[in-house]
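Structure record follows, encoded as structure tokens.
Worth knowing before you read on, the calculation uses all heavy atoms, side chains too, and leaves out hydrogens, waters and symmetry mates. Quick note: residue numbers are just sequence positions, from 1.
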Amino acid sequence: MALTAPTLDEIVEGIRRGVDLAVKEAHARGLPVFESDDTTVYAIYPDGRRIAVEHMHESAKKRRLKPT
């Protein structure tokens with residue numbers, strides 16, 4: 001039996017399941033998880049609160065967006 005590489009869809013689904021499990025485990029312990037967008041880092045608490053914990057300064061955002 002030959003081994004085959006997982007498809008992109010299988011990889012994405014595995015990552016999603018892993019992230020979902022990690023969030024559930026953190027929230028079960030009462031800990032927040034973190035996510036970000038282009039300008040802000042947010043803490044997401046088990047009760048659903050979403051708190052901005054860090055804002056990226058405009059000059060840092062410009063530096064980050066420059067091609068390397």
Side-chain angles (χ1 to χ4, degrees):
M1 181 174 172
L3 294 176
T4 59
T7 65
L8 180 58
D9 287 340
E10 292 169 333
I11 293 169
V12 169
E13 180 58 30
I15 292 169
R16 284 188 180 138
R17 279 185 281 150
V19 169
D20 287 344
L21 179 61
V23 168
K24 287 177 185 174
E25 288 177 354
H27 282 178
R29 291 179 173 90
L31 300 172
V33 295
F34 298 87
E35 70 177 20
S36 65
D37 58 24
D38 289 339
T39 61
T40 308
V41 176
Y42 302 93
I44 317 259
Y45 289 88
D47 63 3
R49 288 178 297 143
R50 187 173 188 248
I51 307 295
V53 293
E54 184 176 340
H55 294 281
M56 188 180 300
H57 189 272
E58 193 63 32
S59 63
K61 187 169 76 170
K62 288 178 184 174
R63 279 194 308 269
R64 189 180 76 150
L65 297 176
K66 287 183 180 175
T68 56

Query - Gap between atom CZ of Arg16 and atom CG of Leu21 - 0.5 Å precision - result: 16.0 Å
Requested in this report: Measure the CZ-CZ distance between Arg50 and Phe34 for me, rounded to the nearest 0.5 Å.
Outcome: 12.5 Å
Query raised in the report: Atom CE in Met56, atom OG1 in Thr39: separation rounded to 0.5 Å?
Result: 7.5 Å
Could you go through residues 23-32 and list every donor-acceptor pair under 3.5 Å that involves a side-chain atom there, pairing it with any protein atom two or more places apart or in another chain?
from  : atom 1 : to    : atom 2 : distance (Å)
His27 : NE2    : Ile44 : O      : 3.1
Arg29 : NH1    : Glu25 : O      : 3.3

